Structures are given as C-alpha cells and as structure tokens.
Amino acid sequence: MAGLLIRQPQCPDKKDIVAVYESTAFFDYSPSRPDLKVIAATVDAYFTELVTAPASTILYVANLDHRLAGFAIARKGARATWEVQVGVHFDHRKQGIGHALLGTLFEEMHRRGPAACKATVHAGNVASIKMVTQFFREYGEFPGLPGFLLFRTSW
C-alpha cells in the first residue's frame, strides 16, 4: 500500500495510539468501554514495558500518509505465550493496515525464536476474524468469555 510505513513507536505516538482506541467502533464488541484515563494508562504501560521488558514486548505503529493509523502489540504472558492485539483507527479500516501490522509482528516474533501465540476476537467481528485466521492455525470458543473466539498458533 502506497504511503504505508510500519515502524517502531516513539513517545509522541502515545496520544495517537490512544486516539485509535477511542475511534468509533473500537470497543463495539466489548461489554463496557474503558474511560480515557484507563486507555492512556494502558498505552503508557506499553511504552514502559518496551524499556523494562524488551524481550517480552513488541510494539509497532502504522503511519499512512504521515498520520498514525494503527498499532500492533505482542506481549509475552504466561507460559511464554505471545498475546497479540491489533488496532486500526476507524477512518483507516479495510485498507490492509491491520494485516500489514500483524505480518510485521509475526515476523519479529518468529525472529525471536520458538513460541506460542494467541489472540482474542469477538465472534461478531468478521473483519478481524478474517484477518487473524491468516496467521493462526486453530481457534475455538474462548472458555469463560461468551461471544469471543480464542485463536492460537505456535512455531
């Protein structure tokens, strides 16, 4: 895609990542919407983890025509499993940005060695399901979280 740049984030990107979270429809499938302070604290934690736990945190942002359009993060959780989240601003969806971010994230996770990976997607979020099935080998209902699917893969 012309004008798309996937890169590592910088501190000034924080406000734009928060804007992705706040964009229309980001939390449509969530039972509740976190307030802006919680979202900002989450993004701050991502940046802190990049410094304090760089082996366990991968974060990329996507710029489209010099504007931040999305982000992707992988965090190593329990049992050394990468937990993946991708967010694309509502104004930039359906342009392949999420797919490009997820592809870059998977390249880096593979580069770091053998691991497992998982992602959670709402069963009604057809676009996200279509995107993640290209990267994950198996999925099923998320135990204890009705309406959500759990995607898994390993290498």
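Computed from a predicted structure; not experimentally measured. Any value given below was found using the heavy atoms of this structure, including those in side chains, with hydrogens, waters and symmetry copies removed.
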**Student:** Under the criterion side-chain contact (heavy atoms from CB on, under 4.5 Å), I'd like the reasoning laid out for Val88 against Val20: C-alpha separation, chi angles, the key distance, then a yes or no.
**Tutor:** CA-CA 6 Å; Val88 176; Val20 171; 5.6 Å; no
**Student:** Is there a side-chain contact between Val61 and Ile17 (heavy atoms, below 4.5 Å)?
**Tutor:**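 They are in side-chain contact.
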**Student:** On a heavy-atom basis, which atom in Pro9 and which in Leu50 lie closest, and how many Å separate them?
**Tutor:**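 Heavy atoms only, the tightest pair is CG-CD1, 3.9 Å.
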**Student:** Please enumerate all residues that pass side chain to side chain donor-acceptor pair (under 3.5 Å) together with Thr104, with sequence neighbours excluded.
**Tutor:**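 So Thr104 forms no side chain to side chain donor-acceptor pair (under 3.5 Å) with any residue.
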**Student:** Within the side chain of Ser23, is there an N or O that forms a donor-acceptor pair under 3.5 Å with the backbone of Phe90?
**Tutor:**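 It does hold such a pair.
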**Student:** Quick one: ring pair (Phe, Tyr, Trp, His ring centres under 6.0 Å) pairs with a partner in residues 94-114, sequence neighbours left out?
**Tutor:**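 Qualifying pairs, neighbours excluded: His99-Phe135, Phe106-Phe135, Phe106-Phe136, Phe106-Trp155, His110-Trp155.
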**Student:** State, to 0.1 Å, how close Leu59 and Phe47 come at their nearest heavy-atom pair, and which atoms those are.
**Tutor:**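 Closest heavy-atom pair between Leu59 and Phe47: CD2-CE1, 4.1 Å.
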**Student:** According to side-chain hydrogen bond (donor to acceptor under 3.5 Å, both in side chains), does anything in residues 64-80 pair up with another residue at least two apart or in another chain? List the pairs.
**Tutor:**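 Qualifying pairs, neighbours excluded: Glu49-Arg75.
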**Student:** From Glu22 CD over to His89 NE2, what is the distance, rounded to the nearest 0.5 angstrom?
**Tutor:**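 The NE2 atom of His89 is 9.5 Å from CD of Glu22, to the nearest 0.5 Å.
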**Student:** What heavy-atom pair brings Ala72 and Val86 nearest, and what distance separates the two atoms?
**Tutor:**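 Taking every non-hydrogen atom into account, CB-CG2, 4.0 Å.
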**Student:** Give a yes or no answer on whether the side chain of Asp13 reaches the backbone of Gln10 with a donor-acceptor pair at less than 3.5 Å.
**Tutor:**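 Indeed, once roles are kept as given, a pair shorter than 3.5 Å links the two residues.
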**Student:** Name all pairs fulfilling the side-chain hydrogen bond (donor to acceptor under 3.5 Å, both in side chains) condition that reach into residues 38-47, sequence neighbours left out, sorted by first residue then second.
**Tutor:**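 Qualifying pairs, neighbours excluded: Lys14-Asp44, Tyr21-Tyr46, Tyr46-Gln85.
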**Student:** Excluding sequence neighbours, so at least two apart, what forms side-chain contact (heavy atoms from CB on, under 4.5 Å) with Ser128?
**Tutor:**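 Checked Ser128 against side-chain contact (heavy atoms from CB on, under 4.5 Å); matches are Val121, Asn125.
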**Student:** Could you tell me which residues satisfy side chain to side chain donor-acceptor pair (under 3.5 Å) with Glu83, sequence neighbours excluded, listed by chain and number?
**Tutor:**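 With sequence neighbours excluded, Glu83 shows a side chain to side chain donor-acceptor pair (under 3.5 Å) to no residue whatsoever.
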**Student:** Please enumerate all residues that pass side-chain contact (heavy atoms from CB on, under 4.5 Å) together with Gln95, with sequence neighbours excluded.
**Tutor:**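 Expected list: Met1, Leu64, His92, Ile97.
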**Student:** Can you hop from Leu101 to Leu5 via hydrophobic side chains spaced under 4.5 Å?
**Tutor:**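 Cluster IDs for Leu101 and Leu5 differ.
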**Student:** Asp91: which residues meet the side chain to side chain donor-acceptor pair (under 3.5 Å) condition with it, sequence neighbours left out?
**Tutor:**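 Asp91: no side chain to side chain donor-acceptor pair (under 3.5 Å) contacts found.
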**Student:** Suppose we screen for side chain to side chain donor-acceptor pair (under 3.5 Å). Which residues come up paired with Asn63, at least two apart in sequence or across chains?
**Tutor:**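 Asn63 satisfies side chain to side chain donor-acceptor pair (under 3.5 Å) with Arg7 once adjacent residues are dropped.
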**Student:** Which atom pair, heavy atoms only, marks the closest approach of Ala115 to Ala80?
**Tutor:**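 Scanning both residues completely, I find the closest heavy atoms to be CB-O, 4.3 Å.
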**Student:** Can Arg111 and Glu107 be counted as an ion pair, charged N to O under 4.0 angstrom?
**Tutor:**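 Looking at Glu107 together with Arg111, the answer is no, because their closest N to O distance does not fall below 4.0 Å.
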**Student:** Which heavy-atom pair separates Leu105 from Val84 by the least distance, and what is that distance?
**Tutor:**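 So the minimum-distance heavy-atom pair works out to CD2-CG1, 3.7 Å.
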**Student:** Looking at every non-hydrogen atom in both residues, tell me the closest pair between Ala74 and Met109 and how far apart they are.
**Tutor:**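 Looks like CB-SD, 3.8 Å.
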**Student:** Under the ring-ring contact (aromatic ring centres under 6.0 Å, His included) rule, collect the residues that match up with Tyr139, sequence neighbours excluded.
**Tutor:**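 Once residues adjacent in sequence are excluded, the partners of Tyr139 under the ring-ring contact (aromatic ring centres under 6.0 Å, His included) criterion are Phe151.
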**Student:** Run the side-chain contact (heavy atoms from CB on, under 4.5 Å) test against Ala100 and tell me which residues pass, sequence neighbours left out.
**Tutor:**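 side-chain contact (heavy atoms from CB on, under 4.5 Å) check on Ala100 returns Leu4, Ile6.
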**Student:** Can you sort out the partners of Leu150 under side-chain contact (heavy atoms from CB on, under 4.5 Å), two or more places apart, ordered by chain and number?
**Tutor:**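 For Leu150, the residues satisfying side-chain contact (heavy atoms from CB on, under 4.5 Å) (neighbours in sequence not counted) are Lys118, Thr120, Phe142, Arg152.
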**Student:** With the side chain counted from C-beta on, respond yes when Ile73 and Ile58 share a heavy-atom pair under 4.5 Å apart, and no when they do not.
**Tutor:**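 In short, these two side chains do not touch, never coming nearer than 4.5 Å.
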